[in-house]
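Report on the structure given below.
Numbering starts at 1 and runs along the sequence shown. As the structure is a computational prediction, the values presented were derived from the model and not from experiment. Ligands are counted one by one from 1 in listed order, and the atoms in each one are counted from 1 as well.
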Amino acid sequence: MANVILLTGFDAFGGDAVNPSIDIVRTLDGELVAGLKVVIEQLPCEFASSTRRLFDALERWSPRLVLAIGQAGGRADLSFERVAINLIDARIPDNACAQPIDEAVDPDGPAAYFSTLPLKRMVAEVRRQGVPASISYSAGTFVCNQIFYALQRRLARYSEQIPSGFMHVPLLPAQAALRAASGQGIVASMALAQMVLGTRIALEAALRDPDFDAAETEVSEGQLS
Ligand code: PCA
């Protein structure tokens, strides 16, 4: 395993010109978080090609932790997904105009996989540092859920457990403003800087060894650098 964290974000989709998930991961690209370098992959918002791209990135990097990120319009906080389900039921067409209905992500797979990230610790720490966050129990049935399911299924096959999971994020304020201007009503949003801060805090919390208290961890990290 390499000393890297893999973050993935998605292309814009569904008529939006931007997607906060890819903006977040681009901002964090190359940063050191808890001593590990962040590497990123941009995924197409397409059922057919996104999983291959994710698997190629996993092969290329052999990361120590994986967090896939996607936009969820209407969510008001950083939503850490607990469960990926073996179901695709597309509400809208993807970027390749495919709209599969009532299909399995993997016909041979189990009904669901859980996140292997320490979600409660992550959410508590993100909130403590002033960024709204929660655990979500549905990643939907679109491309994000497919990627989350494929990620968890792939990594569950390795003997060494790599913490991995999915986070949905709100719209950016500019996206919410556009929706309001076109009569779609008031939608929750969050500034990019807040989302980046929350993501960094969550990753640090996930990588903190629970057997050490925070103070001890900080000292040992300082000694290493
Ligand atoms: N959100 C979509 C797919 C890509 C994205 O950013 C979803 O929630 O499925």
Using atom types as modelled, flag every donor-acceptor pair under 3.5 Å from a side chain in residues 178-196 to any protein atom, sequence neighbours excluded.
from: Arg179; atom 1: NH1; to: Asp16; atom 2: OD1; distance (Å): 3.1
from: Arg179; atom 1: NH2; to: Asp16; atom 2: OD2; distance (Å): 2.9
from: Ser182; atom 1: OG; to: Leu178; atom 2: O; distance (Å): 3.1
from: Ser182; atom 1: OG; to: Arg179; atom 2: O; distance (Å): 3.2
from: Ser182; atom 1: OG; to: Gln184; atom 2: NE2; distance (Å): 3.0

Side-chain donor-acceptor distances from residues 163-172 under 3.5 Å, at least two apart:
from: Ser164; atom 1: OG; to: Thr116; atom 2: OG1; distance (Å): 3.4
from: Ser164; atom 1: OG; to: Gln152; atom 2: OE1; distance (Å): 2.8
from: Ser164; atom 1: OG; to: Gln152; atom 2: NE2; distance (Å): 3.3
from: His168; atom 1: ND1; to: Glu81; atom 2: OE2; distance (Å): 2.8

request  = Any chance you could lay out the side-chain contact (heavy atoms from CB on, under 4.5 Å) test for Leu151 and Leu58, step after step, and finish with the verdict?
outcome  = CA-CA 9 Å; Leu151 173 66; Leu58 292 174; 4.2 Å; yes
Close N/O pairs between ligand 1 and protein, under 3.5 Å:
from: ligand 1; atom 1: 1 (N); to: Gln71; atom 2: O; distance (Å): 2.8
from: ligand 1; atom 1: 6 (O); to: Asn19; atom 2: ND2; distance (Å): 2.9
from: ligand 1; atom 1: 6 (O); to: Gln71; atom 2: N; distance (Å): 2.8
from: ligand 1; atom 1: 8 (O); to: Gln71; atom 2: O; distance (Å): 3.4
from: ligand 1; atom 1: 8 (O); to: His168; atom 2: NE2; distance (Å): 2.8
from: ligand 1; atom 1: 9 (O); to: Val143; atom 2: N; distance (Å): 3.4
from: ligand 1; atom 1: 9 (O); to: Cys144; atom 2: N; distance (Å): 2.9

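Contact between Ile162 and Met1 at its shortest, heavy atoms only, is CG1-SD, 4.1 Å.
Other members of the hydrophobic cluster containing Ile85, listed by chain and number, are Val83, Leu87, Phe114; membership follows side-chain contacts under 4.5 Å among ILVMFWY residues, whether direct or relayed.
Residues Arg53 and Glu46 are not paired through a salt bridge, judged by the lack of any N-O separation under 4.0 Å between the basic side chain and the carboxylate.
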